[in-house]
Amino acid sequence: MVLFHLKTFGCQMNVYDSSRIVGLLAEHNMEPTEDETNADIIILNTCYIREKASAKIFSELGRLNKLYLRLKGKSPVFAVIGCVAKAEGENIFKRAPFVSIVLSSQKYHLLPELLKKALAEKEIIAKENVDNKKGKKTKLSHLINTELSGLEKFACLPVTKNTEKIAFVQVQEGCDKFCTYCVVPNTRGREISRTEKDVLEEVNNLQKLGAVEINLLGQNVDCYNGLDENGEKSSLAKLIKKIAKFENVKRIRYTTSYPSEFSDEMIELHATEPKLMPLVYLPIQAGSNEVLHKMNRRYTKEQYLELASKLKNANPNIQISSDFIVGFPNETEEDFEQTLDIVRKVKFIQCYAFKYSPRPNTVAAKMDGQIDLKIKSDRLKRLQTELRKSQDAFNKSCIGKVMSVLFTDISKVDDGYIIGKNEYLQPVIVKADTKLVGTIQNIKIESASYANLKGKII
Ligand code: SF4
């Protein structure tokens, strides 16, 4: 049996890709190992979203190669896949010549064959090098495919064998929005959607294997427009309605939304479909229209507020989470105040806030008016304080309420307690029989801290 060690960097999409890669390689007699020192193959599934992402990957490659040379006197087959592979291409071989395979995320279905080729070649070369009296080393081939090829990979993947209660299904990939700070349109390509049939088959299989919560993934999931059974373009709302019909599926989530693509059909669905969780992840990034324009985000603060209020009117249980970037080039104090203002108005929960950092080959990285790190840090701190206030207030408002919780783990800290997530992805801890892990229970919330809620089963 060939052992591979797969390391995943970045977003939920990469985590999903990695889980499909494990299934794919299993069909070719390759088994995953957690032990990074004992693998025949090392695969890095990479992310390019942050500054210095490539540097991190090259340093990880160097570290692992040295580790093997020290321990075993030889290195495994190295494969770099995903967004850094797409962005850096041939450059990876120049900087890390011991790497054999470089593949974009839309080509990972080719991985088994390329790995077999590299393993076979490595064996021949090892033998040749032993026989070679002059001590001249033969070099490994460099196998590369960084094309973006749409939906091809999905057709080549084996049926997933994931038996987790919470399952992820990619429905859409790529992005046409070209936000000025983002690398995704270059690394993941243009928007493409899987057909409804393809998605529904995967969901059906997952729910038969035990999944009760389905998370639909897409860089721009609101733009889902895969073909339906009649060859017509579908929509995210139509797809969700079909998924909700599977009896074992109890909860449906989707991510990531783009505010100006969020449809009335989806707003209505949030009012009528109980399986659709009432937490809407709707990244705004900034509250100033000037900054939004420079980011090439195609909505205004006013349009965002209108959408938030439409959602909350359609379903008063809805809460909104968001991403924020502070210190975007030329962001003034007044611009930043607009971000604080929208946080106070929308009362977001479960947010992520970051200091702007230039991403390679993006428009914003070349803009004048880059903001001093001290100012960025100060703004981030002030934003986090404001976000914490609304999270705290929401957590406290949960006390006394009955919430539905999907339990997934046994507490490692508190003996006899189990942990799960409620509708709003808040961690909830209760004292209960560990047999309840994997089930959904109604919990009366009795106390709340910033980090979690505690309650009892009713
Ligand atoms: S919408 Fe903007 S931030 Fe999101 S993936 Fe597309 S380009 Fe990147």
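Here, residue 1 is the first one in the sequence, and each next residue gets the next number. Start at 1 and go down the list; that is how both ligands and their atoms are numbered.
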Of all residues at least two apart in sequence or in a different chain, which pass the side chain to side chain donor-acceptor pair (under 3.5 Å) check with R251? E213, S404

Can you tell me how far apart CD1 (I318) and OG (S309) are? Round to the nearest 0.5 Å.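 Going from CD1 on I318 over to OG on S309, the span is 11.5 Å.
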
Taking only residues two or more places apart in sequence, or in another chain, which ones meet P97 in a side-chain contact (heavy atoms from CB on, under 4.5 Å)? none

Cation-pi check, R359 onto Y181 ring (under 6.0 Å, within 45° of axis):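 The answer is no, since R359 fails at least one limit relative to Y181.
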
Could you tell me which residues satisfy ring pair (Phe, Tyr, Trp, His ring centres under 6.0 Å) with Y304, sequence neighbours excluded, listed by chain and number?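 With sequence neighbours excluded, Y304 shows a ring pair (Phe, Tyr, Trp, His ring centres under 6.0 Å) to no residue whatsoever.
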
Where ligand 1 meets R297 - atom numbers and elements under 4.0 angstrom, heavy-atom basis: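 In order of number, 1 (S), 2 (Fe), 3 (S).
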
Which of the ligand 1 atoms, numbered from 1, are nearer than 4.0 Å to a heavy atom of Y258: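 In order of number, 1 (S).
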
Test: E386 and R382 ion pair at under 4.0 Å: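 Answer for the salt bridge query: no.
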
Under 4.0 Å between a Lys/Arg side-chain N and an Asp/Glu carboxylate O for E331 and R379?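 Between R379 and E331 there is a salt bridge, with a charged N closer than 4.0 Å to a carboxylate O.
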
Output, by chain and residue number, all protein N/O/S atoms separated from atom 8 (Fe) of ligand 1 by less than 2.8 Å.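 Per the 2.8 Å query on atom 8 (Fe) of ligand 1, atoms found are C182 SG.
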
